[in-house]
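Proteins get letters first, then strands, A, B, ... in listed order; numbering begins at 1 in each.
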2 protein chains.
Amino acid sequence: MHLDRLDLRILDCLQNDGSITNQALASKVGLSPSASLKRVRRLRESGIIEREVVLLAPEKLGPTLHMVVEVIMERDHKALYQRFLKQAQAAPEVKQCYQVTGEVDFVLIVIVADMERYELFCDRVLYADPNMRKFRTLISRKRDKFDTRVTLPDE
Amino acid sequence: MHLDRLDLRILDCLQNDGSITNQALASKVGLSPSASLKRVRRLRESGIIEREVVLLAPEKLGPTLHMVVEVIMERDHKALYQRFLKQAQAAPEVKQCYQVTGEVDFVLIVIVADMERYELFCDRVLYADPNMRKFRTLISRKRDKFDTRVTLPDE
DNA sequence: CGTGAAATATGTATCGT
DNA sequence: ACGATACATATTTCACG
């Protein structure tokens, strides 16, 4: 799908503020509301706009630990990787999962309220996988930056 | 700030779909539109609702590499850490930054279009810091999960 | 917190380029 | 194919009970 300058400006606005009204968006990018609306719909349908969400401040909702978990698997078998991925997808504690190259196989970003819940998570998801060889946990007391925006192409 | 069951239900809905109309939200949680609106405003003002955004599919916008970068600093000085954090905050390639405990000091999630831009980033942000001792890059060809939702307290 | 009415916004049909 | 205008529908927002 081709994106022109107007589409990119629309995406830029929406990435920064998803609650902007269609009218305000239209005037910002220099279109009529109906033309703007058509483009936003097209961007949604194409999947470039994946979803619209509200971001919450985790630490204002209670105790919060952010864990960066590096997982090393026993054997490089696709089917075994798939099983692990499926568990990671299903686990609500896992907020992000990256499959990486090198010594480590997966990196997870996990959010839990406390250590006890983290240990429960490890038992349920990590130790439960027979192909999991070992993992290392980096404990974060602070998420200093969290930016969901993507750098858009110049044109 | 105290959150009751209704607030939590509102947050749950909005985390899943920020584009829901206030009317639909109100009927979902069992309130009148005006009561719902007042609560949403209060949640915004309190900072629990941080922002509302549209999430884009990075890979549909062009080539995308996700890097997990583990950074080790030379000395544990707060002022020197602050300087690094400031640079990480300012760098558009850095989407997330976690200060962690243990052998590693910071973990960054970096998004770039290609290796060339990653190297430019390393020069500009990592090597440029005299207190940066070394770093390790885990390259991800795939972001398998990305969930911005937070687990809400039971009550 | 709910109701109802005024102010805004959205969505669609139609026309013009 | 794309955008503008205008109109009908839906939603937001606020004063008041």
If the condition is side chain to side chain contact (heavy atoms under 4.5 Å, CB included), which residues does B:T21 pass it with, not counting sequence neighbours?
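Counting only residues at least two positions away or on another chain, B:T21 forms a side chain to side chain contact (heavy atoms under 4.5 Å, CB included) with B:Q23, B:A24.
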
Just to verify, what does B:D17 make a side chain to side chain donor-acceptor pair (under 3.5 Å) with, not counting sequence neighbours?
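B:S19.
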
What side-chain hydrogen bond (donor to acceptor under 3.5 Å, both in side chains) pairs are there with at least one residue in residues 110-123 of chain A, not counting sequence neighbours?
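Sorted pair list: A:Y118-A:T137.
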
Could you tell me which residues satisfy salt bridge (charged side-chain N to carboxylate O under 4.0 Å, His left out) with [X], sequence neighbours excluded, listed by chain and number?
{"X": "A:K142", "value": "A:D144"}
{"X": "B:R51", "value": "none"}
{"X": "B:D154", "value": "none"}
{"X": "B:R75", "value": "none"}

Sequence neighbours excluded - ring-ring contact (aromatic ring centres under 6.0 Å, His included) pairs with any residue from residues 130-155 of chain A
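Residue pairs with at least one partner in residues 130-155 of chain A: A:Y127-A:F135.
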
Boundaries of the DNA chain C segment in contact with chain B, non-hydrogen, under 4.0 Å:
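Contacts span C:dC1 to C:dT3, reading 5' to 3'.
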
What are the atom names and distances for every N/O pair under 3.5 Å that joins the protein to nucleotides 9-13 of chain D?
| from | atom 1 | to | atom 2 | distance (Å) |
| --- | --- | --- | --- | --- |
| D:dT11 | OP2 | B:Q23 | OE1 | 2.7 |
| D:dT12 | OP1 | B:N22 | N | 2.8 |
| D:dT12 | OP2 | B:N22 | N | 3.0 |
| D:dT12 | OP2 | B:Q23 | N | 3.0 |

Determine which pairs satisfy salt bridge (Lys or Arg N to Asp or Glu O under 4.0 Å) with at least one residue from residues 94-105 of chain A, sequence neighbours left out, and list them in order.
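Output for this query lists A:E103-B:R136.
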
Whole angstroms only, please: what is the CZ-C1' distance between A:R5 and D:dC2?
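That distance rounds to 15 Å.
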
For A:L6 and D:dC2, give me the distance from atom CG to atom P, rounded to whole Å.
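Taking atom P of D:dC2 as the reference, CG of A:L6 is at 11 Å.
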
B:R39/B:D4 salt bridge by N-O under 4.0 Å criterion:
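Here B:D4 pairs with B:R39 in a salt bridge, since their nearest N and O are under 4.0 Å apart.
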
Degree of bending in the helix from C:dC1-D:dG17 to C:dT17-D:dA1 once both end axes are built from five pairs, to 10°:
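One end's axis against the other's: 30°.
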
